[in-house]
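Everything on this sheet refers to the single structure shown next.
Note that the coordinates shown come from a computational prediction; the quantities given were computed from them, not determined experimentally.
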Amino acid sequence: MTARLPLTGPLDLAATLDSGQAFRWRPQVPTSSGQGGGWWRGVLGSNAVRLRVPTRRDGERLYLEVESSPEPEDDLLPHLVRYLDLERDIDGVHHALAMHPYLQRAIASFSGLRILRQEPWECTVSFLLSPQSNIPRIRRNVEALAQAAGEPIETRDSPVYGFPSPEALADLGEARLRQLGLGFRAKAVAAVASKVATGELDLAALQSLPFSESEAALQALPGVGPKVAHCILAFSLDKGEGFPVDRWVRRGVLREFFQGRKTNDKVITAWARETFGPLSGYAQQLIFHWERSQALEERPLPGSRAFQGRTGPARAQSVERSSSKTRSITRLMMEMAWP
DNA sequence: AGCCAGGAGAATG
DNA sequence: CATTCTCATGGC
């Protein structure tokens with residue numbers, strides 16, 4: 001099954017799918033002849049899918065291919081539209097945030113950066129894995145969970161697994177979760193899985209609560225502090241006030257908005273909510289991506305795939321200098337690799 | 001090799 | 001209440 005969806009605004013799949021919101025998307029490696037490039041493979045519900053946004057003059061379109069069988073339910077498209085939040089007026093959001101010169105710079109590089117609306121359970125587990133970890137490792141951990149306890153999904157080539165149900169993860173237990181490489185995070189994953197499996201906790205119900213109540217309910221869970229709670233709020237519960245503060249965001253905010261004075265994260269979070277309101281999550285993503293890309297530019301890590309260019313304006317900027325137009329990283333990379 | 005990681009939670013001062 | 005230590009392991 002394939003589909004084409006019209007886009008009303010920019011969509012940068014690389015920035016949106018591959019830098020820390022979700023952890024199961026992989027770029028499809030193009031063949032030596034350049035075929036298959038630009039696709040992103042992932043799992044949506046019980047479907048193995050791939051996505052692509054080719055460059056077009058008459059406006060961009062999103063291409064979807066379902067690589068698994070049986071055929072998907074006919075509500076897959078609505079689910080995809082919701083997952084990528086395609087009906088969001090991202091240009092409008094960015095226009096509002098561009099009143100801050102610092103954010104304006106980030107917007108110029110990441111105009112198609114979206115905030116996903118993930119399934120709350122998968123998002124919660126993903127960020128339970130995040131404390132004192134790093135994105136490559138979180139990816140590995142999530143994938144290990146899927147292989148150990150997820151439902152197999154039929155495809156033509158390598159087997160794919162759905163994200164495990166709460167019951168499946170609860171049944172694994174802390175010890176087995178540790179064996180999968182989660183480290184001390186296994187305890188929290190096991191505990192929260194058990195709460196959801198027994199019905200004691202209804203994550204989806206938190207979406208209909210006011211922001212602060214939803215935030216408090218999440219932080220009452222084992223392994224969920226301010227950072228993890230705000231990731232869940234922003235990336236799966238559609239709470240625009242969510243503003244996860246990690247070291248990148250902290251660095252950017254203190255330098256650009258606090259004159260370099262250091263303050264604690266509680267102050268930063270409150271400031272963000274006052275300053276950006278329901279657009280806090282978008283501001284946070286722009287800051288996060290911009291700060292990481294800047295760090296990458298300073299220390300390019302020769303040979304790293306990041307340097308060879310999917311995300312990060314380090315490489316893109318050098319191209320943009322010779323091209324007067326500002327384009328999204330995704331489109332830029334496509335033009336470079338597949339003219 | 002050795003430092004550090006999209007933190008949380010308990011232990012201190 | 002603010003700061004410090006511990007947790008488990010792997011990426012670079």
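- Separation of atoms CG (A:Leu286) and NE2 (A:His100) is listed at 11.0 Å; rounding is to 0.5 Å.
- Under the 6.0 Å cut-off for aromatic ring centres, A:Phe235 and A:Phe127 qualify, their centroids lying closer than that.
- Base engagement by A:Gly20 is indicated by at least one non-hydrogen atom pair under 4.0 Å involving a base atom.
- With C1' as the reference atom, B:dG9 and C:dG10 are 22 Å apart, rounded to whole Å.
- One atom, CD of A:Gln219, and another, P of B:dA10, lie 13 Å apart when rounded to the nearest Å.
- The distance from atom CZ of A:Arg139 to atom C1' of B:dA5 is 14 Å, rounded to the nearest whole Å.
- If you measure from atom CZ of A:Arg185 to atom P of B:dA5, you get 13 Å, rounded to the nearest angstrom.
- Taking for each of A:Leu221 and A:Pro136 the nucleotide of DNA chain B with the nearest heavy atom, the 5'-most of the two is the partner of A:Pro136.
- Contact annotation for A:Val228: backbone-only contact, meaning every heavy-atom pair under 4.0 Å involves sugar-phosphate atoms and none involves a base.
- A straight line from CG of A:Asn264 to C1' of C:dT4 spans 15 Å, rounded to a whole angstrom.
- Here A:Gln285 lies in heavy-atom contact (under 4.0 Å) with a base.
- What separates CD1 of A:Ile135 from C1' of B:dA5 is a distance of 10 Å, to the nearest Å.
- Listed nucleotides B:dG6, B:dA8, B:dG7 differ in distance to A:Phe184; the shortest reach to its side chain belongs to B:dG7.
- A:Ile135 and A:Val43 are not part of a single hydrophobic cluster, where members link through side-chain heavy atoms under 4.5 Å apart.
- Here the separation of B:dG6 from C:dA2, taken at their C1' atoms, is 23 Å to the nearest Å.
- Rounded to the nearest Å, the gap between the P atom of C:dA8 and that of B:dA1 is 24 Å.
- In this structure, A:Asn134 places its CG atom 15 Å from P of C:dT9, rounding to the nearest Å.
- Atoms CZ (A:Arg247) and P (B:dA8) sit 15 Å apart, rounded to a whole Å.
- Comparing A:Lys266 and A:Gly183 by the nucleotide of DNA chain C that holds the closest heavy atom to each, the one mapping nearer the 5' end is A:Lys266.
- A salt bridge is absent between A:Arg247 and A:Asp265: the closest approach of a Lys/Arg side-chain nitrogen to an acidic carboxylate oxygen does not fall below 4.0 angstrom.
- B:dA8 and C:dG11: their P atoms are spaced 22 Å apart (whole Å).
- Between A:Phe243 and A:Phe276, the two ring planes are parallel [angle under 30°; tilted spans 30° to 60°].
- Going from atom CZ of A:Phe127 over to atom P of B:dA5 covers 17 Å, rounded to whole Å.
- Nucleotides C:dC12 and B:dG7 have their P atoms positioned 16 Å apart, rounded to a whole Å.
- Looking at heavy-atom distances under 4.0 Å, A:Gln284 makes contact with a base.
- Cluster membership check: A:Leu86 shares its hydrophobic cluster with A:Leu44, using side-chain heavy-atom separations under 4.5 Å among Ile, Leu, Val, Met, Phe, Trp and Tyr.
- If you find the closest nucleotide of DNA chain B to A:Arg137 and to A:Val224, the one lying nearer the 5' end belongs to A:Arg137.
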